[in-house]
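Note that this is a predicted model, so its numbers are computed, not measured.
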Amino acid sequence: MVGAMAELGQRYGITRWVADPSGAAQIETLRRQGFSVIPARHGNKIALRVQLVGGRLNRQGSLPGLFISPECPNGITELETLGWQRIKLQGRTEILNDAFERGAPDHYVDALANVLAEYDTGASPWVRPRVEPIYAPGR
């Protein structure tokens, strides 16, 4: 991974990397390797991650705030199929939990939210975006 990051950094002039906030040990390892790595500002709060991505995809007007190239079919599929974790209560009632389905691919959405959290803020601390989520449990 370090070699690929170095190559991408050199090729595209990347000087800072944004990482999953829960990976403190991995962030520190990459920093020791000489990379400037910061944890994503959303703090892994799923509702905020959904708002970041959904707010970009569901913009008002003629064009979305984010365009995903057809050359990224896996990313598009992940966005279209990612679902909320269902929890069965007593009886037959099901509710949607504030988490993505276990085992469902969510790496693309996570990486996208990491970058958007950094891009959408100019300064710390991060301020919650004023957009409606594309989908929220209980809606």
Within a strict 4.5 Å, meaning less than it, do heavy atoms of the I14 and F35 side chains meet?
no

Please report the closest heavy-atom contact between V37 and A19, naming both atoms and the distance.
CG1-CB, 3.8 Å

Might you work through the side chain to side chain contact (heavy atoms under 4.5 Å, CB included) test for L52 and L112, ending with a clear yes or no?
CA-CA 9 Å; L52 283 165; L112 195 51; over 6 Å; no

Partners passing side-chain contact (heavy atoms from CB on, under 4.5 Å) against T29 (at least two apart in sequence or in another chain)
R32

Before giving the answer on side chain to side chain contact (heavy atoms under 4.5 Å, CB included), spell out for Y108 and N74 the whole-Å C-alpha distance, their side-chain angles and the decisive distance to 0.1 Å.
CA-CA 8 Å; Y108 184 85; N74 293 343; over 6 Å; no

Of all residues at least two apart in sequence or in a different chain, which pass the side-chain contact (heavy atoms from CB on, under 4.5 Å) check with P21?
P39, A40, H42, N44

Under 3.5 Å: donor-acceptor pair, side chain of E78, backbone of H107:
yes

I27 versus W17: any side-chain heavy-atom pair under 4.5 Å?
no

What closest approach, in Å, do S36 and T15 show between heavy atoms, and which atom pair accounts for it?
CB-O, 3.3 Å

Partners of E7 by salt bridge (Lys or Arg N to Asp or Glu O under 4.0 Å), sequence neighbours excluded?
R11

Those residues at least two apart in sequence (or on a different chain) that pass side-chain contact (heavy atoms from CB on, under 4.5 Å) with Q26 are none

T77 meets the side-chain hydrogen bond (donor to acceptor under 3.5 Å, both in side chains) criterion, sequence neighbours left out, with none

Same apolar cluster: L116 and I76, side chain cutoff 4.5 Å
yes

Hey, what do you get for CD1 (I38) to CG (L30), rounding to the nearest 0.5 Å?
13.0 Å

Summary of salt bridge (Lys or Arg N to Asp or Glu O under 4.0 Å) pairs that have at least one residue in residues 12-23, sequence neighbours excluded:
R16-E118

With rounding to the nearest 0.5 Å, note down the distance linking CD in Q51 to CZ in R56.
13.0 Å

